[in-house]
Amino acid sequence: MKKLINSVDAIVTDTLRGVAAAHPSLRVDFENRVIYRRNAPHQGKVALVSGGGAGHEPLHGGFVGYGMLDAACPGEVFTSPVPDQMIEASKGVDGGAGVLHIVKNYTGDVLNFEMAAELCADEGIEVASVLVNDDVAVQDSLYTAGRRGTGATLFVEKIAGALAETGAPLAEVARLAQEVNERSRSFGVALSAGTVPAAGKPTFDLSDTEIELGIGIHGEPGRTRTTHREAREIARLAMDAVNDDVPLSGDTLVLLNGMGGTPLLELYIVYGEVAAYLEEKGARAVRCLVGNYVTSLDMQGFSVSVCRLTDELTRLWDAPVETAALRWGR
Amino acid sequence: MKKLINSVDAIVTDTLRGVAAAHPSLRVDFENRVIYRRNAPHQGKVALVSGGGAGHEPLHGGFVGYGMLDAACPGEVFTSPVPDQMIEASKGVDGGAGVLHIVKNYTGDVLNFEMAAELCADEGIEVASVLVNDDVAVQDSLYTAGRRGTGATLFVEKIAGALAETGAPLAEVARLAQEVNERSRSFGVALSAGTVPAAGKPTFDLSDTEIELGIGIHGEPGRTRTTHREAREIARLAMDAVNDDVPLSGDTLVLLNGMGGTPLLELYIVYGEVAAYLEEKGARAVRCLVGNYVTSLDMQGFSVSVCRLTDELTRLWDAPVETAALRWGR
Amino acid sequence: MDTSFFLAWIKEAATAVQAERDHLTQLDAAIGDADHGANLDRGFAAVRQVLADTPPQTPGAVLVQAGSALIRKVGGASGPLYGTAFRQMGRALGEAPEVTPADLVTALEAAQEGVQKLGGAAEGDKTLVDAFAPAVRALAQAVQDGANLEDALQTATAAAEEGARATVPLQARKGRASYLGPRSVGHKDPGAASTALIFAALRRAAGPA
Amino acid sequence: MDTSFFLAWIKEAATAVQAERDHLTQLDAAIGDADHGANLDRGFAAVRQVLADTPPQTPGAVLVQAGSALIRKVGGASGPLYGTAFRQMGRALGEAPEVTPADLVTALEAAQEGVQKLGGAAEGDKTLVDAFAPAVRALAQAVQDGANLEDALQTATAAAEEGARATVPLQARKGRASYLGPRSVGHKDPGAASTALIFAALRRAAGPA
Ligand SMILES: Nc1ncnc2c1ncn2[C@@H]1O[C@H](COP(=O)(O)OP(=O)(O)O)[C@@H](O)[C@H]1O
Ligand SMILES: Nc1ncnc2c1ncn2[C@@H]1O[C@H](COP(=O)(O)OP(=O)(O)O)[C@@H](O)[C@H]1O
Ligand SMILES: [Mg+2]
Ligand SMILES: [Mg+2]
Ligand SMILES: [Mg+2]
Ligand SMILES: [Mg+2]
């Protein structure tokens, strides 16, 4: 394993040092491991807090700033943060209008955020939570852990963040966050596994002729393995999975997301196929992002997330945002 | 070799399809392979044209837009574009104030842009050229091909682009572009080689304990090979090379650039070390970018570029820009 | 069993987790995200630190402090689950300075209930519950049958290990491994494996075999 | 040598480049950027297309069209260099329908001069000039010595091949390989290798050995 790190144990601390050095608009609490907007809290504004394991950068720290998150809590690599971080973050951003926890649906994240929400309530902070579970690769069932939260997290953070800036109350921001999640679906494909530093070798092995379909963002293998093929066909496999779950139509927002080790060149090729697929189905990608946004360390591959837009969602997507990884309108 | 492509021969065309689908603010001429601002030409504004081999995305297409380039010409993977493209692009963007060609110093790029400039002159288009050659890994000598152009290309495109928006004349824009180049130095390190699709296997082999120092952006091996070590020490090696060439001091603009296959997590770790190094030398990174900007396909590694700022350069760096890969202020 | 017994358990557990760290992580790589060993090792190191910094005076306090430290430091699914297990045990023991085998059974039953309430997993879902539940059952039975502490804990450990082994053919319904669907079959659950380690540590805390 | 001779040369060159495409690319991978084979193959395919679409009527026109197509399609360093070489040859030949061996020498000397003027490389810089220059010299000498065309071209080809081989121990001073400094030593220059192929194709255009 070759990585640009000082030591496996120092990864998160050292990343935070870099984030603090790079972004004067952010404030990093190294002890509690929280990335804040420099000028948090904002009185009267609903605050958004998210968090999750490291290894998904720029998620979530790269989305802290005007129009998106108020704070982010990074856990260890691929490990949910702990309740202390979330409590500290919630206290640090609460401007009296309450805090929305944006939680990706993984047992670890859910349990830790649940504990944090309870303890926040004890301290008088109003907390609402939204669970992101957009990954159609996972069967949705009452008897399982349910669908994973992946690329739609970015949609939820951006759109709910924009609504929060308008001064909307917590219940409304939470409702909209929920709506964005419900309107979004994702599917991921890996060409190679990433290497978790603590494990020291790739999480799984793929031969030169195989790909994994339905992977998540934690280096876990997917649901099935198939033979490698043209980008067009791989894009179709992914889009079919999305379309089979909820037929695509109308205006959509698309995230063509790299898993960390795939160059932008290839992501654009796949995006071209995705756009063509949508058109074939009578849908349109009226807004999109192409790049590394919700990654899985150095995994090679991509995920595609599609959100069926409403006028309100489009307007809030277009609203100004100013974060390390997403910026427009200011 | 596993890549998200349809065929080796279709890579550039398919990438352009994706770019066209993703960015309504761009216009893609598929036949001539030129990416334009949708509303080019701008009457009375000096136009900026750049180009180079594909495989460095988002360079250059990702930097076409307000405040930066007017057009970009992608060549085949790691191959300079051809004069026809540059001529077509120059014609398409000339608003009567002349065209600046921003050329990275590689024999192929230089020769092809030279031919294009001559033919443009024949057609009555005023062309000035700036040669970017910031890579300190290469000895600068009259008897060699000279230093390569790498990360500083982004600085030149952004800052000269901002000046051009103010209506400055061609000679002034060219002079400033030249100044940015002269004030900039870069150095690159690879942890693994990228795979050129036409070659089908990594350009060179590195064991699990080796890294290459002084690599360029075309998958070429570096000047020396050394043992892999902590991020802190690798960052020091790179920064020492920069600092030995021109001692660092004062306010600087830093690009901590990923080569395509390295996750942002690691880039932030290296950036933290670079920022600390600068402080040690009594310099400061007052502006920075951390991410994949000038890449080398799926190579793992990074390059660091430092530009010694003046007040004018800082102001122009901060000026609004609206491109696919760099956006602020609008 | 007094305070030092429970401190010894924690120490044994921390040592075992550290020794098996890579193995647990490899199990997690197969059907999870390759961090279970690192997670628990970090957690138990923190537990030892806390117990050294502010030495607790009762068995219950040892376990509550240990559980809180796990919740504060582990993250992931296993942090809140093991943290809750230790905290519930500790709360069940109250202020008592001495713990009888029957008390231990009651406490472990409370722990199991806490874990299942929090995580929603039943036996057979291929989680740490598949090692925990049979171990608690075996211990309860042995204690009821009048076995001495060492033997009872030996029985519990064997049941935990057997329970962990028995997760191999199961398809996961909870936790990360559930995402693999049928592909989760054929691998041992990492949490069940660490639960077996923790029961074996409890056995060792009771003295040499 | 008439128009069809030069068309045959181009065809032989295109075939050879296609056959050696991967080899040239591998040479370029060692000290360049792994595209020389792909570049030239794309270029010569375009040349054949152009020549088929608008068949030229003189040897000079064949070469000028070929050179222009190379410039338009190859990119990289080798595009303008080879393009200029063919264009200069063609211009030197003018409108003549027939080319004598002496004309060929003059044309190749013009080509060499064009390449060196454009790229600034001298012999010994480890570029295609290291194959081109000795080949032109050998051809000139052989023609002056009254050798027949086949033999003269055989001599030129041998000199090009020898020149390409001789680039192995050199340190590059021009082109991408120069970035490697001393590490460029020990590898054959890809452009010199392709120049040898192009001279061998010229030899074959003159008929069977
Ligand atoms: N809902 C649940 N109930 C009980 N145990 C669970 C549950 N979900 C996961 N686990 C246990 O947690 C283990 C994984 O822990 P760990 O790898 O530390 O966390 P994460 O899955 O968040 O990376 C699994 O092997 C399983 O035994
Ligand atoms: N300045 C130069 N003069 C002559 N030949 C050169 C020069 N620079 C490069 N070459 C030739 O070009 C070859 C490389 O061509 P190619 O790989 O197609 O272009 P690029 O280097 O742009 O990728 C080298 O092997 C060398 O022979
Ligand atoms: Mg985890
Ligand atoms: Mg090239
Ligand atoms: Mg895990
Ligand atoms: Mg080359």
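Lettering of chains follows the sequences in order, A, B, ..., and the numbering in each one begins at 1.
Interface remark: C:R183 contributes side-chain atoms only to the contact with chain A (heavy atom separation under 4.5 Å). In this structure, chain C has no heavy atom under 4.5 Å from any part of A:R33. Contacts of A:V77 with chain C are made by backbone atoms alone, with heavy-atom separations under 4.5 Å and no side-chain atom involved. Using a 4.5 Å cut-off between heavy atoms, A:E114 contacts chain C through its side chain alone, with no backbone atom that close. Heavy atoms closer than 4.5 Å to chain A are found in both the backbone and the side chain of C:A34. For A:D84, the part lying near chain C is the side chain, with the backbone staying farther off; criterion is any non-hydrogen pair under 4.5 Å. With a 4.5 Å cut-off on non-hydrogen atoms, A:T224 touches chain C through its backbone but not through its side chain. In this structure, chain A has a heavy atom under 4.5 Å from the side chain of C:T25, while its backbone stays farther away. Contact of C:A172 with chain A is not made at all, since no heavy-atom distance falls under 4.5 Å. For chain C, the nearby parts of A:P221 are the backbone and the side chain; heavy atoms of each come within less than 4.5 Å. Neither the backbone nor the side chain of A:F204 comes within contact range of chain C; no heavy atom of the residue lies under 4.5 Å from a heavy atom of that chain. Only the side chain of C:T84 comes within contact range of chain A, judged by heavy atoms closer than 4.5 Å. Contact of A:N105 with chain C is made through the backbone alone, with heavy-atom distances under 4.5 Å.
Ranked by heavy-atom pairs under 4.5 Å with chain C, the list A:I215, A:D109, A:T203 is led by A:T203. Listed options A:T107, A:V196, A:N112 were ranked by heavy-atom pairs under 4.5 angstrom with chain C; first place goes to A:N112. No other option in A:L111, A:V138, A:V110 has as many heavy-atom pairs under 4.5 Å with chain C as A:L111. Contacts with chain A were tallied for C:P80, C:G120, C:G79, C:A77; C:P80 has the most, counting heavy-atom pairs under 4.5 Å.
For A:H218 and C:Y179, the distance between ring centers is not under 6.0 angstrom.
At a threshold of 4.0 Å, the pair A:D134-A:R185 does not count as salt-bridged, since none of the basic side-chain nitrogens sits closer than that to a carboxylate oxygen. Note on C:E109 versus C:R137: no salt bridge recorded, every NZ/NE/NH1/NH2 to OD/OE distance being 4.0 Å or above. Looking at C:K188 and C:D28, no side-chain N of the basic residue comes within less than 4.0 Å of a carboxylate O on the acidic one, giving no salt bridge. With respect to the salt-bridge test (charged N to carboxylate O, under 4.0 angstrom), the residues C:K126 and C:D189 do not qualify. Using a cut-off of 4.0 Å between Lys/Arg side-chain N and Asp/Glu carboxylate O, C:D125 and C:K174 are scored as not salt-bridged.
For the residue pair A:T79/C:D35, the side-chain donor-acceptor check at 3.5 Å is satisfied. No side-chain N or O of A:H60 forms a donor-acceptor pair with one of A:T153 less than 3.5 Å apart.
None of C:V17, C:L40, C:L27, C:N39 except one satisfies the side chain to side chain contact (heavy atoms under 4.5 Å, CB included) rule with C:S194; the exception is C:L40.
In this structure a side-chain-to-backbone donor-acceptor pair under 3.5 Å is present from C:T54 to C:V50.
Within a 6.0 Å sphere centred on NZ of C:K11, heavy atoms belonging to other residues, nucleotides or ligands number 12 at most.
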